[in-house]
Amino acid sequence: MDVNAAVAAAAAIAGLLTGVIAMLAFRWSERDLKRPTRTSLRPDSNAALPPGVDTVLSVLSSSAVVLDESDSVVKASSAAYALGLVRGGRLAVEPMLNMARDTRRDGEIRQVELDLPRRGTGRGDTLAVSARVAPLGSRLVLLLVEDLTEARRIEAVRRDFVANVSHELKTPTGALSLLSEAVMDASDDPEAVERFAGRMQIEATRLTNLVQELIDLSRVQNDDPLEDAEPVKVETLVAEAIDRCRQQAGSKQITMASAGAEGLTVWGNRGQLVGALGNLVENAVNYSPARTRVGIAARRLASPGGDLIEIAVTDQGIGISEKDRERVFERFYRVDPARSRATGGTGLGLAIVKHVAASHGGEVTVWSSEGQGSTFTLRLPETGATRERTTGGPLIVNGDDEGPYETDTFDPFPAPEALP
């Protein structure tokens, strides 16, 4: 009997524990159901919202948060969670919460722009938002938040662009004004007039180049080059780029060499591609010391999305520091402003190359080492037709207009030593 009693007592205790555990599990799951999530509403939230409001909020592009009289979140869009506005069923931004309380008290609509820290970046980045709070019925408050970060960035770029253009235009126009006064004052000195007139011609050329590059940049940003696309021979692009810079190269005794372009074609706007490659070659010539070499090498590069044509322009120039390499494709940015002034550079050439490459579905990259030179690489999609690639190349053009044409293959230049 004692054994039976012990067994019965143990069974009773086990049954009691099972009942307690089941009750706790039920309570826990019930609390989880009541907790708001990113993808669902509270069980009673639909009933709390006025008819039709839920449908309207679901189609808004703004981040939407609905608060009740206890500042609890009745409804929040997924965008509100993504921006970090709602955490744990509560509005996490104190200024917005204060606005909601003031609006609930007096019924007035309020709007403010705020800079919020980004979560998880660790870089001190801020998120620019515009918050608008309005009463929703007698008990609820609606908060709508617009992300203004991208709009702010675009506005800053536009503002900087206008300021840079104004500065760049002011320099040659101011110089022309001063030189014209000098010519008038030196009307009885033919040598001074000739000297000042030469300077005026240089400044006028710089002004013309700046205006033309502004037009080119505007065109490549707004036009779709693929509307007038055609197969373009890489050999033709390279030849025209070399011909464009032959005079500058000849004056500095710079040899320009090319190889590997035969049989390769790209698909795009011929004029824009010629201008982009010409800008790379022109920069290489301008920033190279006298009696060095500039090389243009082309090859086919296998890619999962289709073969690419890679055109590399290598120089033996001054090189680019690591901090400058991140900004060389920005508009009006110059690695060496004093040298750019001397060469007549506007700071727009590489920005044009970047836009042309992107609009053709390609990219442009740079490798450089200070004192060792630079290599700018333009990658563009190849035309659909498969062409047999030839090796080697017969085109090496000496910088002198009357110089010889040599036959050789392109060899990367290891060091910026001058040629004899």
Side-chain angles (χ1 to χ4, degrees), residues 225-226 229-245 249 254-270 272-285 288 292-317 319-320 325 328-329 350 352-354 356-369 372-398 405-416:
L226 300 184
E230 59 179 332
V232 182
K233 293 182 178 180
V234 176
E235 185 176 6
T236 301
L237 296 179
V238 173
E240 292 195 23
I242 290 176
D243 188 64
R244 170 177 170 176
C245 304
I254 292 176
T255 300
M256 291 189 292
S258 75
E262 296 78 9
L264 302 181
T265 59
V266 293
W267 183 260
N269 184 292
R270 183 175 178 275
Q272 291 190 13
L273 293 175
V274 168
L277 184 58
N279 284 343
L280 294 181
V281 177
E282 186 175 8
N283 276 356
V285 171
S288 293
T292 54
R293 302 173 69 187
V294 170
I296 305 100
R299 65 171 180 168
R300 180 182 289 108
L301 188 66
S303 175
D307 288 351
L308 299 174
I309 299 300
E310 185 177 88
I311 308 173
V313 179
T314 302
D315 64 57
Q316 297 175 280
I320 306 172
R325 284 199 296 271
V328 291
F329 295 104
L350 291 179
I352 292 174
V353 176
K354 177 182 177 181
V356 169
S359 61
H360 282 77
E363 64 173 352
V364 60
T365 58
V366 59
W367 173 92
S368 186
S369 177
Q372 297 295 317
S374 306
T375 297
F376 285 85
T377 303
L378 184 63
R379 297 183 182 89
L380 300 167
E382 189 181 21
T383 53
T386 302
R387 298 176 182 268
E388 181 179 355
R389 183 186 179 189
T390 59
T391 58
L395 181 60
I396 289 188
V397 183
N398 190 284
Y405 287 67
E406 306 175 25
T407 300
D408 199 355
T409 56
F410 173 74
D411 186 19
F413 310 123

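Of all heavy-atom pairs spanning Arg325 and Val366, the tightest one is O-CG1, 4.3 Å. Across all non-hydrogen atoms, the minimal contact from Ala261 to Ala298 is CA-CB, 3.9 Å. Taking all atoms of both residues into account, the shortest heavy-atom contact from Val353 to Ala276 is CG2-O, 3.3 Å. Closest heavy-atom contact between Trp267 and Pro231: CZ3-CD, 3.1 Å. Here the shortest heavy-atom pairing between Ala241 and Val281 reads CB-CG2, 3.9 Å.
The CG atom of Leu378 sits 9.0 Å away from atom OG1 of Thr365, with the distance rounded to the nearest 0.5 Å. Interatomic distance, OG1 of Thr377 versus CD of Glu363, reported as 9.0 Å (0.5 Å rounding). To the nearest 0.5 angstrom, Asp315 atom CG is 10.5 Å from Leu280 atom CG. Within the model, atoms CZ of Phe376 and CD1 of Ile296 stand 14.0 Å from one another, a figure rounded to the nearest 0.5 Å. Taking CG from Leu264 and CD from Glu235, the interatomic distance works out to 9.5 Å, rounded to the nearest 0.5 Å. Between atom OG of residue Ser258 and atom CD1 of residue Ile311 there is a gap of 10.5 Å, rounded to the nearest 0.5 Å.
With hydrogens and angles ignored, the 3.5 Å screen pairs a side-chain donor or acceptor of Gln316 with a backbone N or O of Arg293. Within the 3.5 Å criterion, the main-chain N or O of Ser288 finds no donor-acceptor partner in the side chain of Thr292. Of the possible polar contacts, none joining the Ser374 side chain to the Ser368 backbone as a donor-acceptor pair under 3.5 Å is found. Distance alone, capped at 3.5 Å, places no donor-acceptor pair between the His360 side chain and the Gln272 backbone.
Listed by chain and residue number, Arg246 satisfy the salt bridge (charged side-chain N to carboxylate O under 4.0 Å, His left out) test with Asp243 (two or more places apart in sequence, or in another chain). In terms of the side chain to side chain donor-acceptor pair (under 3.5 Å) criterion, residue partners of Asn279 (sequence neighbours excluded) are, by chain and number, Arg244. Qualifying side-chain contact (heavy atoms from CB on, under 4.5 Å) partners for Val232, counting only residues two or more places apart in sequence or in other chains: Glu230, Leu237, Val266, Arg270, Leu273. The salt bridge (charged side-chain N to carboxylate O under 4.0 Å, His left out) check on Glu310 picks up Arg299, Arg379, with sequence neighbours excluded. Listed by chain and residue number, Thr314 satisfy the side chain to side chain donor-acceptor pair (under 3.5 Å) test with Thr375 (two or more places apart in sequence, or in another chain).
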Stepwise side chain to side chain contact (heavy atoms under 4.5 Å, CB included) check, Val313 with Val294: CA-CA 7 Å; Val313 179; Val294 170; 4.3 Å; yes
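Here the side chains of Arg300 and Ile309 are in contact, with some heavy-atom distance below 4.5 Å.
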